[in-house]
Structures are given as C-alpha cells and as structure tokens.
Amino acid sequence: MLYQVVGGVKDIKEMRFTRFRRLSKQAKRIIIYISVGLACLLVVLLRIRSNRKHAASEDYALLLDQGHENDVIIDMRFSSCYGLFGHFPRRCKAITEPESSWIRVPKDIFLGKRWFRQVFLDYRVENKDRILSLGSSTVNEIRVVLGNVNEEDNKDENWDKIGYGVFVERGRYDPEKSITGLNVLFGAMATDPRPGWTVLKKPLKVNLPEKGEAKNSEVSEENAPIDHHIYDDECYISVQRRNTVSKEDVVKSTSSYQTELSFDEHGKFKILQVADAHFVAGYGRCRDPWPEVPDGETCLADLRTLKFIISVLDIEKPDLVVMTGDQVFGSESKDFETALFKLVKPFIDRKIPYAILMGNHDSEGNLSRKQIYQLLQTLPYSVSEAGLGYVSGYGNYALTVTSSEQSNKNSLIMYFLDSHSYSKSKIPGYDFLKQDQKVFVKNSYIKHAEGLIPVGKITTDRTSEGKPLSMAFFHIPLPEYRELKTPENADRPLTGSYKEGCTAPMHNSHMYDLFKRVGVSVVSVGHDHCNDYCLNYDGMNLCYGGGVGEGGYAGYGGTTRRLRIFEVDDKKNTIRTWKRLQTKPDEIFDDEVLFNGEEK
C-alpha cells in the first residue's frame, strides 16, 4: 500500500512536469518572466517598507512653527491615510490643506509599521482676535488616558475623545492655557527643549508594549526595563503654549546669539567639541561599550552618553559647544527631531551656544540637510547656519569671537564646513571639500580681516602680516590626517591615539593649503571614532575629537568614549587642548598647547 501511495505522488509530479514541458516556448517564457517579476516586486516592496520611514523628502515638509504668532488651536484630529506604504497618494505627505486652516504634523504615529495605513495628527488654527470677536472656543488642555476621563475631572469641563487615548478640553480663550502648537515625538526619553513646549507624560495608545504603558519621565539604567527598547516606538504629543514664554526666554535670531560670543575678562574662550554622538529616537543600543558591560546589566546608549556630556558641561562650563557631525544616527533613528532635542537640551538648559555641522549619517533619516538647518534656526542658543546657497552643501559658515580688550574687535575666527558624505564621483570613498568652499573660506577671511586682531598685536609689535587666532571644524578629516610621516620619513609630532585607519577622501582638494594661507592653526574633526590624536602637520594642528556616543562603533581593542576641550586665550595668544574620558570625567589627559602666537 505504501509503495502505491509513493508511486501515486510521483505520478502526479511527473504529470505536472509533463504538462509544463508540453507548453510552448513562448508560454514558458511568460511564466518565467511573471515569476521573476513577482519576486523582484516583492523584494522592492519589502525594501520600501523597511526604508520608507528613513527616506528624506523635500515634499515631506518639516513641521516648524506653522502658525502665525497670534494663531491659536481651535480643533484637532487624527487622520488616516491609505496607500502603498505611504507613497501614494501624495496628499498623505501634505502638511497643510490649502482650502482650510488645518495643519498636519508630518509624522506617522505608527512609524511606518502598517503596510497600507498611516495616521497623522492634524490641528486647526484661528487668529486670536477673530476668536475673541466670535467667542469661539479653543483647545486648552490635552490628556492621554487608557480609559475614559474620570467623572470628577469632568464636572466643569467639556472633554472630547479624538482617538488613541487622547481627550481634548475646549473652552474660552485663555492666554495662559490655550494651546498654540503641536508636535509628535517618539520614545520614552522624548523631550522638547524649546521654550513654551511640554511633552505629555503618557504615550498614545499606539504600539504599547505588552509589559504595559510607560511614562515619559526621568529614566536611569537602574530602573529601566530589561528589554528597554520595547518603549522606543512610543508616540508622545508635545504641546506649545506660546504666551507662557517670558521675554528673556524668547528664541532670538541666530545672528543675535552669534554676536554674544566673546572672550571673558580673563581673555579665555572655551570650546567643547562633541563628536559622533549617534543619538536616536529611543534609548539607543550600545555598540562596543568599553569597559564591557557585564552580562545581565542594562546599557542605554543615549542615556549613558548624555550623562557623560552633562558631567563635562558642569565641570568645564564651556562658552561654546561644537558638534562636528553624526549627532544623529539617521539610518537607525525613527525621528530626527526627537534625537536632536535630547542632545541639545543640556546646552539649552545651561544657556550655552552651540554650533552644529553635518556628518555622513545625520541626513540619512527623515530630514534632509536643508530641513535640519531650518529646524536649527528655530532652536534657542543655536549659532548654526545653513550657509550661502551657492556654496556646496549645508552648514558652511564662519563665527567670530569678540576680544576681551577691544569690544569692537574680534580675537578669534572659526570656519565651519560641510564635509559632505559619500563620494558621488568616480573616485570611491568619501566626498571631498569643494572649490567653492575654498572660495567661501577665503572670502570669509577677507570679510572679517579688518575686524580681526592679528596674533600678538596687543602685546607685541607684530607686522600687518600677522594672522588672527583661527580654527576650523568639520566632520570628515583632510587627506593630510593620514600623513604621519614627513617626505623624509621622519615622524610628525603626534599626541593621542591612532587606532583606526584614517578614512579621509581619496581626492585631495588642498583645503589644507588655503587654511595655511589664511592662518588657521587648529583643525578638528570627528568621523573616525577611535582616533583622538592631534598631528602637528608643518605647524598646523590636525585634531580628532574622539567619539563620544555609545550608539556609534568603537572597538579596536576597546575604546572608551571621550570629549575634547579647547581653550583659546587672546591675552597670551594661545590655543590649548585636553580631553576627558567617560570613565574618569574628573580627570584630564593629553593636555598640550597647540598654538603659541608669542613663539611664532
């Protein structure tokens, strides 16, 4: 009987194969083409699904402060949008409806995890004066609850449920209570450092983990859940009440913050370089932690990095923070705003100006370089600029620092450049600094030359050929960083660790030569996390900041995260530097004077 069954199965297989063989060649080709086509389509769809939430698009406009300063929110809703992974129809990505006053927060609260559906938070605004004249109600309070609003809370209030656990209270316009803006952020560490903005403590009833609801509050590695990443996709609403912001906390223009950069009465100006933080929306996964984390212990990358940065901020009290790229691990982060807000909050809380440059990972997420700098223009204490439109990239700008002895003069000039990302030419590897960026540096020096004090002019009889104290910052190192030996095969002076190969561009556009001509004495970059050396290259110091982010790679025999500090002294005409380790933030190491104008 068994042989009969087996034989019957073989007969059926042979019959089907025989039928296929009897088909014409054209029919066989059609079947093969359709099969291959369907397989390719499946691969493409899966790739779109995995990458859709990370794809930056100019059409998917950045939500800034869309309303006029007198606009107030009078209604809000959740809108569903159906299409092929959010790519169709295009209306899904529209931030506003032209025929109405509805504004869309352009972030899917499901983070692209639904195949054919996206859900957005929309809100409607009206001018304050019109609201008062018509007696219209405004949205004055928002709560997120798992069930219905408590009856005791509902006695004197009109609460409406709009979905996903969100209840809205409407009432008469109140300058202190009426809501003027909304945003959506992700992860249990979500925070909003902008004046007048507050993140609601409870997440929406979306993607809640099986372990239950989390609350947006202070988190530590000790009280975090074992699998802390179950909370990374939680969706939080951030609420703006514009009228509650005091005059001193109102966000100024970028140029206003720039003009406040100055040496102190002792002639000191301190810069903290933050390189390769690699923040994400959520806690972040530790990569190559060192010392190694024992089995069973929790390692929260962004929380650990923040703790280190905050400790150094409170020790050093810098006058400026320079972030030299890869602040956000774009391809790993579900939302750029959420990740960036976490990073800049300690600077904003301490009222420390900060300058941001683009790395190769920052714009790999849901915002383009252009959109990132649009966002930076809205943040307090940011001195970052997108730069001139005709110069390659975004983030090409120069900053000057007012002299300690001559208030109408500047003692320091700093050049900030976009070192781009991956090469788009036939030359492999990373991209290089462009010719128009060299022109920009030259023109910036000429523009500021009259107001800059040449090194030594205050204390010595320098000639007019003296150059000012000058530094440059960007992400990807110059090709000269890999030239550790002179043409005569002698070692160049080097302080610090050289652990990994220098991933500078293969093409040399000779920006170093221009820096030399305009008097740049110190260049500092990031990118290669495990290098933190300063190389004296024919009088110019080429430095690495050293990677600070636990979310970025380390390795190479074990590399502890670190931060570099520069101290510029316009009385002694010196630039000094040292570093601090995450494991020993109270101690400094590799302390050295990089530039001494008196010895020049």
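Numbers for residues simply follow the sequence, beginning at 1.
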For Gln582 and Arg304: C-alpha separation, side-chain torsions, deciding distance, then whether side chain to side chain contact (heavy atoms under 4.5 Å, CB included) applies. CA-CA 9 Å; Gln582 182 191 54; Arg304 181 173 290 203; 3.1 Å; yes
Should the pair Asp513-Arg517 be classified as a salt bridge under the 4.0 Å nitrogen-to-oxygen rule? no
Using only heavy-atom distances, determine whether the side chains of His510 and Gln435 contain a donor-acceptor pair under 3.5 Å. no
Pair Glu385-Tyr373, side-chain donor/acceptor within less than 3.5 Å: no
Is any side-chain heavy atom of Asp362 closer than 4.5 Å to a side-chain heavy atom of Asp326? yes
I'd like to know if the side chain of His475 reaches the main chain of Met358, judged simply by a donor and an acceptor atom lying under 3.5 Å from each other, with no hydrogens or angles considered. no
Examine His527 together with Tyr544 and report whether their ring centres are nearer than 6.0 Å. no
Measuring from atom CE of Met414 to atom OG1 of Thr400, what distance do you get when rounded to the nearest 0.5 angstrom? 8.0 Å
Verdict with supporting geometry, Val328 and His361, side chain to side chain contact (heavy atoms under 4.5 Å, CB included): CA-CA 7 Å; Val328 175; His361 289 300; over 6 Å; no
Measure from the side-chain N and O atoms of Lys516 to the backbone N and O of Ser521, and report whether any donor-acceptor pair falls under 3.5 Å. no
Any side-chain heavy atom of Val344 within less than 4.5 Å of one from Met323? yes
Taking the basic N atoms (NZ, or NE/NH1/NH2) and the acidic carboxylate oxygens, is any pair closer than 4.0 Å for Glu316 and Lys270? yes
List the steps, then state whether salt bridge (charged side-chain N to carboxylate O under 4.0 Å, His left out) holds for Lys579 with Asp532. CA-CA 9 Å; Lys579 292 169 289 190; Asp532 73 346; 2.9 Å; yes
Asp591 vs Arg576, salt bridge (charged side-chain N to carboxylate O under 4.0 Å, His left out): CA-CA, chis, key distance, verdict: CA-CA 7 Å; Asp591 184 2; Arg576 177 183 162 215; 2.8 Å; yes
I'd like to know if the side chain of Gln327 and the backbone of Leu357 have a donor-acceptor N/O pair within less than 3.5 Å. yes
One should read off an interatomic distance between Asp491 CG and Leu484 CG, to the nearest 0.5 angstrom, of 8.0 Å
How about Ser238 and Asn183: does a side-chain donor come under 3.5 Å of a side-chain acceptor? no
4.5 Å side-chain heavy-atom contact, Ile309 and Phe347: yes
Among all residues two or more places apart in sequence or in another chain, which pass the salt bridge (charged side-chain N to carboxylate O under 4.0 Å, His left out) test with Lys409? none
Could you check whether Ser246 and Asp249, counting side-chain N and O atoms only, form a donor-acceptor pair closer than 3.5 Å? yes
Please confirm whether the backbone N or O of Phe440 pairs with a side-chain atom of Asn443, one donor and one acceptor, at under 3.5 Å? no
Assign the ring pair Tyr481 / Tyr533 to parallel, tilted or perpendicular, where the plane angle (0 to 90°) is split at 30° and 60°. tilted
Answer yes if the side chains of Asp590 and Thr495 hold a donor-acceptor pair under 3.5 Å, and no otherwise. no
Return yes if some donor-acceptor pair links the side-chain N/O of Arg492 with the main-chain N/O of Ala490 below 3.5 Å, else return no. no
Heavy atoms, side chains only, cut-off 4.5 Å: are Leu469 and Phe595 in contact? yes
Just by distance, do the side chain of Ser256 and the backbone of Lys252 share a donor-acceptor pair under 3.5 Å? no
Using a 4.5 Å cut-off on heavy atoms from C-beta on, say whether the side chain of Arg580 contacts that of Ile565. yes
Tightest non-hydrogen contact, residues Val383 and Leu320, listed as CG2-CD1, 4.1 Å
Residue from Tyr415, Tyr512, Phe515 passing side chain to side chain contact (heavy atoms under 4.5 Å, CB included) with Val523: Phe515
Partners of Cys534 by disulfide (SG to SG under 2.5 Å), sequence neighbours excluded? Cys543
Evaluate the criterion side chain to side chain contact (heavy atoms under 4.5 Å, CB included) for residue pair Gln437 and Asp418; output intermediate values, then yes/no. CA-CA 9 Å; Gln437 291 176 288; Asp418 183 355; 4.2 Å; yes
Nearest heavy atoms of Ser384 and Thr254, plus distance in Å: O-CG2, 3.4 Å
Under a 3.5 Å threshold, yes or no: a donor from one side chain and an acceptor from the other, between Ser421 and Asn360? no
Are His278 and His529 an aromatic pair by the rule of ring centers under 6.0 Å? yes
Do Phe329 and Phe279 make the cut of ring centroids closer than 6.0 angstrom? no
Got a second to check how far Arg194's CZ is from Thr191's OG1, nearest 0.5 Å? 10.5 Å
Using the six-membered ring wherever Trp is involved, compare the ring planes of Phe263 and Phe269 and label them parallel, tilted or perpendicular (cut-offs 30° and 60°). tilted
What is the minimum heavy-atom distance between Cys530 and Gly555, and which atoms define it? SG-O, 4.1 Å
Main-chain N/O of Val548 paired to Asp276 side chain as donor or acceptor, under 3.5 Å: no
Just by distance, with hydrogens left out, do Asp570 and Ser404 show a side-chain donor and acceptor under 3.5 Å apart? yes
Backbone N/O of Ser363 and side chain of Arg369: donor-acceptor pair under 3.5 Å: no
Using the ring of Phe432 (Phe, Tyr or Trp, six-membered ring only), decide whether Lys434 places NZ or CZ under 6.0 Å from its centre and within 45 degrees of its axis. yes
Side-chain contact test, heavy atoms from C-beta onward, threshold under 4.5 Å: evaluate it for Phe566 versus Leu272 and give yes or no. no
May I ask you to establish whether Arg561 and Phe308 are in a cation-pi arrangement, using a distance under 6.0 Å from NZ or CZ to the six-membered ring centre and at most 45° from the ring axis? no
Distance-only polar pair, side chains of Glu550 and Thr305, donor-acceptor under 3.5 Å: no
Between Asp569 and Asn573 (side chain of the first, backbone of the second, donor and acceptor by atom type, cut-off under 3.5 Å), is there such a pair? no
For Leu379, does its backbone N or O pair with a side-chain atom of Ser382 as donor and acceptor, under 3.5 Å? no
Closest heavy-atom contact between Met189 and Gly282? SD-O, 4.0 Å
CA sep, side-chain torsions, deciding dist, call: Val251, Tyr257, side chain to side chain contact (heavy atoms under 4.5 Å, CB included): CA-CA 10 Å; Val251 179; Tyr257 291 120; 4.2 Å; yes
Scan side-chain atoms only and decide if Thr577 and Glu592 contain a donor-acceptor pair under the 3.5 Å cut-off. no
Any side-chain heavy atom of Glu567 sitting closer than 4.5 Å to one from Trp578? yes
Pairwise side-chain contact, Ile453 with Pro468, heavy-atom cut-off 4.5 Å (strictly under): no
Taking the six-membered ring for Trp and the single ring otherwise, decide whether the centroids of Tyr422 and Tyr430 are under 6.0 Å apart. yes
Lys107 and Glu337 ion-paired at < 4.0 Å: yes
Verify the distance criterion only: is there a donor paired with an acceptor across the side chains of Thr574 and Asn596 at less than 3.5 Å? no
For Ser509, side chain to side chain donor-acceptor pair (under 3.5 Å) partners two or more places apart: none
